[in-house]
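In listed order, ligands and their atoms are each counted from 1.
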Amino acid sequence: MGKRAHSGWSEDPRELLRAGEDFDLGDMKRDATPGWRRGKRAAKAFGDERGDLLSELQERLFAQGRTGGERSLLVVVQGLDTAGKGGVARHVMSKVDPQGVALHSFGAPTPEEQKHHYLWRIKKALPRPGLIGVFDRSHYEDVLVARVDELVSPDVWEKRYDEINAFEAGLVDSGTTVLKFGLMVSHDEQGLRLMKRLDRPDKLWKYSKNDVPTRRKWDAYQEAYTDVFQRTSTEAAPWYVIPADHKWYARLAITEILTQTLIEMDPEWPTVRWDPAAQRRQLAETLSTKALRASLKETDRQVKKAAKDDRRVREEAAEAGRVGATTDPIAKAEVLAREAEAVASTAEAMLDLQLIRKQKAELLEERGDG
Ligand code: AMP
Ligand code: MG
């Protein structure tokens, strides 16, 4: 038992759920919960915990965008009716600052959109630097519904897979990380969810008379989705195919993959060109002695908290070092490197706070109040 066990996942969902060239949708159990064995209640608790981290990472990305950073994150959510696309979008968005996310839902193209290339409306909706864009349906409808309903001829949709791959590779090159989630429900579960919509006055508005005709084309859609996952899950922009009969699992898996992705993007708080210590001295001149004392007290509390964090991270690193023989050497080296980095960064945070504490104590002393 080491890092991984207490992180809640028995295996990394990014590895378990990522689609490759030989991805087989037919094989997939839609009510499975790959990598998670602790059930629904633990999933909720862990998801909430992840939410705090996700929220900080999103804020860092946003802060970078406000200070000249170029990066953004695009989250594409696809799935058949009732798969839970809207729920995932709402759930994920509830964990971060609303000004940092932009949701776009793509329905049947308007007459205006029809006059343009199918990527035209997509390009207009891409997240600006610092933002997380969420697409509820996307350009993939142009190789899904367009193919199944024969809205265009096969030679037209056939070319789109490569075109989409090139488009997404370009996005990644220009600083947008692309994550794609396919929410896959079972045929029975979809039927039950549609029935529930019909049975509940508060859900009727979600039902469309088109839902049953679309449902009758189930097999054609599974085939079209298989092609999407096999042909457009690239190194630059991978697909994660999520069993979605358990809504709590789909949300947990997406939250986790999103969090891991942002951890890897590693957005740093922007630094400034001026000297905070000099500004601190100037600001202190405008503070009453009482306020300055309160400010010193506040820093004392932060120092204590930082010391606690520092202890915890050191303990975790020591624990990770003991995991030992069972883990493969590369994975172990990665874990150790990550731990070392965490130890260094909490130590640095503590040192910074101690210096701030010292400056404030000296400022107070200068007033003859030491
Ligand atoms: P909903 O997500 O339930 O509001 O439904 C949106 C509808 O718009 C679905 O039936 C999609 O198949 C349809 N749709 C989305 N994108 C396209 C597209 N590019 N071409 C045709 N229909 C689309
Ligand atoms: Mg619908």
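Defined by atom type and a distance below 3.5 Å, a donor-acceptor pair is missing between the side-chain atoms of Q260 and E264.
Relative to the six-membered ring of W120, K123 misses at least one condition, a distance below 6.0 Å or an angle of at most 45° to the axis.
Of all N/O/S atoms in D81, OD1 sits nearest the Mg ion (ligand 2).
For A317, the side-chain contact (heavy atoms from CB on, under 4.5 Å) partners two or more places apart in sequence, or in a different chain, are E339, V343. Partners of A125 under the side-chain contact (heavy atoms from CB on, under 4.5 Å) rule, at least two apart in sequence or in another chain, are H104, F106, F135.
The 4.0 Å heavy-atom shell around ligand 1 contains residues D81, F106, G107, A108, P109, R121, R137, E141, D142, V145, L151, ordered by chain and number.
Ring-plane geometry between W36 and W9 is classed as perpendicular, the angle between the planes exceeding 60 degrees on a 0 to 90 degree scale with a lower cut at 30.
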Distance-only criterion, 3.5 Å: show the donor-acceptor pairs between side-chain atoms of residues 70-81 and protein atoms not counting sequence neighbours.
residue	atom	partner	partner atom	Å
R71	NH1	M265	O	2.8
R71	NH2	Q64	OE1	3.3
R71	NH2	M265	O	3.1
S72	OG	T176	OG1	2.9
Q78	OE1	S138	N	2.9
Q78	OE1	S138	OG	2.8
Q78	NE2	E141	OE2	3.0
Q78	NE2	Y225	OH	3.2
D81	OD1	R137	NH2	3.1

